[in-house]
Amino acid sequence: MSKHRIAWLPGDGIGLEVCAAARIVLDAAGFEAEYLHGDIGWEFWKSEGEALPQRTIDLLRTTDCAFFGAITSKPAGEAARELAPELQHRGFSYRSPIVRMRQLLDLYICLRPCKAFAGNPLNYRDSIDLTVFRENTEGMYIGVEFNQTPDSFYCEPAMERIPREAAISVRSITPAGSRRIVRAAFEFAARHGRGKVTAVHKANVLRATCGVFLDAARQVAREYPHIAFDTANVDAMCMWLLKNPENYDVIVTTNLFGDILSDLCAQLVGGMGFGYSGNIGDHYAVFEPTHGSAPKYAGQNKVNPIAAILAAGMMLEWLGEKEKAARIDQAVARVIAEGKVRTYDLGGSDTATAMAEAIAGTLQ
Ligand code: IPM
Ligand code: MG
């Protein structure tokens, strides 16, 4: 079998360190791949006006999947000021590379497992085993925003309460987009023997958009009569997740709610050092630790690389390397359970490299 071709996109800050740690484990697992480096991140925004250059998009199109570290992003005003002086006049606007990759490649599933590893001192409760399916291409992330209310938005009676100077962000939810993410959640539940899928919404206020999502969810749920289905408002869901997290199993929701809920769920199992994601479409996927580039820790080799290592395991699973993926998961579980190597978040002072080497050592 020919080697896998992986677009390798470490990005900025601690992205570089956690990607290096993931590579130690991938190599130790005997995973054979050609890693093709892709330019991405703040440096390229400043020098080229694009954090995800076209050459990197071309690279994505010629590889099997991508592994992404993290990137630094800043609010619009600050981003514009940091753009190279010779580019200032061209009016570039900063766009998040990860959001662009999700949309350009139609990676509509954001899969975020949140499982408590036995012996993790940071567990909120040891019994937690949640999987979040976040819709990854539409909702509040479509990028349609206005700094002032445009004429075309005029609609009675709401406009009477919206002054001209109001900024507007548009939320778009389609029946097809909703059905495919809900179906992905049910298929996952069916494949992994999961008992329940919960669709999270705010249909009592966002009647139109969440109404579409909920209708689609109910329709798809009928195709899976052996899997329990329920729904919850997103505000109540945050409360229930803290009160009774063991009552939940697979959670499916729209883009922004999924962004928020998945950070909450990650914290239940140890925080961002344990949060990892697969951005998955029908033909391509980008795997990443969910955390950001953490500039204040960059270059210190101290952050917990487990999220990146678990993302690497998920990548192997998606590529069909199931045995290697399972070995990585087991090695992570053992190193956490033994508790001898601990990064600062776990109360220790071991480096990211030491953690990766401990996991790699346990694999062999
Ligand atoms: C995530 C992140 C991204 C998002 C940011 C970096 C644009 O928070 O993957 O959850 O909002 O989707
Ligand atoms: Mg997020």
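Counting starts at 1 for both ligands and their atoms, in listed order.
Close contacts between ligand 1 and Val99 involve ligand atoms 7 (C) [criterion: under 4.0 Å to a heavy atom].
Only the side chain of Arg102 comes within contact range of ligand 1, with a heavy atom under 4.0 Å; no backbone atom does. Contacts with ligand 1 closer than 4.0 Å are made by no heavy atom of Ile71, backbone or side chain. Of all the heavy atoms of Arg95, none lies under 4.0 Å from any atom of ligand 1, so neither backbone nor side chain is involved.
The nearest protein atom to atom 10 (O) of ligand 1, hydrogens excluded, is given as Asp259 OD1, 2.8 Å; this is a heavy-atom distance. Looking only at heavy atoms of the protein, atom 6 (C) of ligand 1 is closest to Ile98 CG2, 4.1 Å. For atom 11 (O) of ligand 1, the closest heavy atom belonging to the protein is Tyr141 OH, 2.6 Å.
Close placement of the Tyr94 and Trp42 rings is indicated, their centers lying within 6.0 Å of each other. Checked against a 6.0 Å centroid threshold, the rings of Trp240 and Tyr248 do not count as neighbours. For an aromatic pair to be called close, the ring centres must be under 6.0 Å apart, and Phe287 with Phe68 fails this.
In this comparison of Glu288, Arg112, Arg100, the heavy atom closest to atom 9 (O) of ligand 1 sits on Arg112. Nearest residue to atom 7 (C) of ligand 1 from Ser293, Ala70, Ser96 is Ser96 (criterion: closest heavy atom).
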Exercise. Take Lys302 and Glu17 through the salt bridge (Lys or Arg N to Asp or Glu O under 4.0 Å) test and state the conclusion after the steps.
Key: CA-CA 9 Å; Lys302 70 179 282 187; Glu17 296 158 37; over 6 Å; no
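Using a 4.5 Å heavy-atom cutoff, the side chains of Phe257 and Met140 are not in contact.
In terms of modelled atom types and a separation under 3.5 Å, the side chain of Gln103 and the main chain of Tyr141 share a donor-acceptor contact.
Thr56 and Asp39 share no donor-acceptor pair across their side chains, judged by distance under 3.5 Å alone. Between Ser96 and Ser73, the side chains place no donor N or O within less than 3.5 Å of an acceptor N or O (distance only, hydrogens not considered). In this model, no donor atom of one side chain and acceptor atom of the other lie less than 3.5 Å apart for Ser172 and Glu138.
Legend: protein N/O/S atoms lying under 2.8 Å from the Mg ion (ligand 2), waters omitted, number 1.
In this structure, Asp249 pairs ionically with Arg194, as a charged nitrogen and a carboxylate oxygen lie closer than 4.0 Å.
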